[in-house]
Amino acid sequence: MKLLRFGPVGQEKPGIMDADGNVRDLSGKCPDFAGAGVSLEALDAIRAIDVTSLPVVAEPGRIGSCVASVPNFFCIGLNYAKHAAETGAEPPKEPIIFNKATSALSGPFDDVVIPKGSVKSDWEVELGVVIGREASYVSEEDALSYVAGYCVINDMSEREFQIEKGGQWIKGKSAPTFGPTGPYLVTADEVGDPQTLALSLDLNGETVQDSNTDDMIFSVKEIVSYMSQFMKLQPGDIIATGTPSGVGMGMKPQRFLKAGDKMTVRIQGLGEQEQTAVAYE
């Protein structure tokens with residue numbers, strides 16, 4: 001299933017894409033896509049609905065984040081071999097885990113606001129993993145059975161805030177609009193193997209990131225299992241699983257976003273995002 005949310009900010013409705021590419025309105029048939037609303041049980045209930053009986057949304061308008069809110073917005077750092085190389089970092093021996101503030105969540109076509117005082121705002125196409133049931137001390141063998149689905153994430157980053165300000169990376173990751181997510185939450189059964197997905201990002205029409213999830217140092221199942229040894233993952237948690245090479249920080253000379261820049265972000269089978277960078281006002 002391809003699930004999505006449509007409507008103005010704060011007024012989004014849950015929807016589903018039918019076999020003909022039409023958006024169907026799920027309002028009143030299921031809870032919004034957050035927390036228990038994206039649990040494996042909730043997804044099974046949606047599967048039982050006759051999609052053709054749902055009203056077609058002729059003009060869905062704005063597409064919101066594919067999840068309404070998240071208990072936790074986790075990220076994995078330096079998880080692509082070529083990206084680690086471009087930053088001059090040693091490949092990590094264990095997954096590097098950090099957070100984005102959940103208030104960074106935004107729609108896949110919403111403007112990205114360059115934060116006040118930013119000089120090093122950067123882009124990062126990433127595979128997002130949405131957890132579908134509580135996961136604690138799970139094995140790698142079972143880890144993917146805890147995944148509700150996958151989505152596209154642009155893990156926007158302010159590199160000066162992240163690296164040069166001291167403390168934790170979360171400061172450089174959490175500005176409002178720094179978490180474009182969607183357009184779809186694609187259920188795990190439709191995606192299959194998450195380690196075979198092409199992903200890319202274009203900046204002003206130029207492809208700057210072009211890779212495949214097979215370049216991940218730690219696979220999705222390794223990440224989910226590893227994280228569950230230290231915390232209880234909950235339905236609705238998002239894990240952004242790392243970015244491939246081609247970020248602005250890794251370029252020579254370095255290149256960062258300016259107002260008016262346009263990003264097109266895509267992952268095979270999960271859809272495409274487009275954002276315009278705008279100045280903070």
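In this chain, residues are counted from 1 in sequence order.
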Do [X] and [Y] sit within salt-bridge range, that is, some charged N less than 4.0 Å from a carboxylate O?
{"X": "K2", "Y": "E190", "value": "yes"}
{"X": "D122", "Y": "K173", "value": "no"}
{"X": "R266", "Y": "D202", "value": "yes"}
{"X": "R5", "Y": "D32", "value": "yes"}

- Message: Evaluate V247 against F256 for side-chain contact (heavy atoms from CB on, under 4.5 Å), listing each step before the verdict.
- Response: CA-CA 9 Å; V247 300; F256 297 109; over 6 Å; no
- Within 6.0 Å of CD in E141, more than 12 heavy atoms from elsewhere: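 It does not: E141 CD has 12 such atoms or fewer within range.
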- Message: Can you tell me if Q168 has over 12 outside heavy atoms packed within less than 6.0 Å of its CD?
- Response: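 Incorrect, the count does not exceed 12.
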Pair [X], [Y]: side-chain N/O donor-acceptor within cut-off below 3.5 Å:
{"X": "R133", "Y": "S145", "value": "yes"}
{"X": "E158", "Y": "S118", "value": "yes"}
{"X": "T243", "Y": "Q209", "value": "yes"}
{"X": "S136", "Y": "K232", "value": "no"}
{"X": "E222", "Y": "S219", "value": "yes"}
{"X": "E272", "Y": "T264", "value": "no"}
{"X": "D110", "Y": "Q275", "value": "no"}

- Task: Supply the members, apart from L185, of the Ile/Leu/Val/Met/Phe/Trp/Tyr cluster built from side-chain contacts under 4.5 Å; use none for a lone residue.
- Result: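 ILVMFWY cluster around L185 also holds M1, L3, I16, L26, F33, V38, L43, I46, I49, V51, L54, V67, V70, F73, L105, V130, I153, I238.
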- Item | From CA spacing to verdict: salt bridge (Lys or Arg N to Asp or Glu O under 4.0 Å), K262, D111 | CA-CA 9 Å; K262 294 185 182 297; D111 289 343; over 6 Å; no
- Query: So which pairs with a foot in residues 84-108 pass salt bridge (Lys or Arg N to Asp or Glu O under 4.0 Å), sequence neighbours left out?
  - Reply: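 Passing the test, one end in residues 84-108: K100-D155.
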- List the steps and the verdict of side-chain contact (heavy atoms from CB on, under 4.5 Å) for K221 and Q195. CA-CA 10 Å; K221 67 181 181 181; Q195 304 309 140; over 6 Å; no
- Message: I'd like to know whether M227 forms a side-chain contact (heavy atoms from CB on, under 4.5 Å) with L233, so could you lay out the CA-CA distance, the side-chain angles of the two residues, the decisive distance to 0.1 Å, and finally the verdict.
- Response: CA-CA 8 Å; M227 291 181 67; L233 300 174; 4.0 Å; yes
Do the side chains of [Y] and [X] get nearer than 4.5 Å, heavy atoms only?
{"X": "I114", "Y": "V278", "result": "no"}
{"X": "V152", "Y": "T181", "result": "no"}
{"X": "P194", "Y": "V220", "result": "yes"}

- Task: Give the C-alpha distance, both sets of side-chain angles, the deciding distance and a yes or no for side-chain hydrogen bond (donor to acceptor under 3.5 Å, both in side chains) between K13 and S27.
- Result: CA-CA 6 Å; K13 298 178 180 179; S27 299; 4.9 Å; no
- Pick out which of D18, V57, I63 makes a side chain to side chain contact (heavy atoms under 4.5 Å, CB included) with V23.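 Per the side chain to side chain contact (heavy atoms under 4.5 Å, CB included) rule, the option paired with V23 is V57, out of D18, V57, I63.
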- Any donor-acceptor N/O pair, D25 side chain to G15 backbone, under 3.5 Å: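 No; judged by distance alone, with no hydrogens or angles, the pair does not exist.
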- What do the steps show when you test S200 against D210 for side-chain contact (heavy atoms from CB on, under 4.5 Å), and what is the final call? CA-CA 4 Å; S200 63; D210 187 8; 4.2 Å; yes
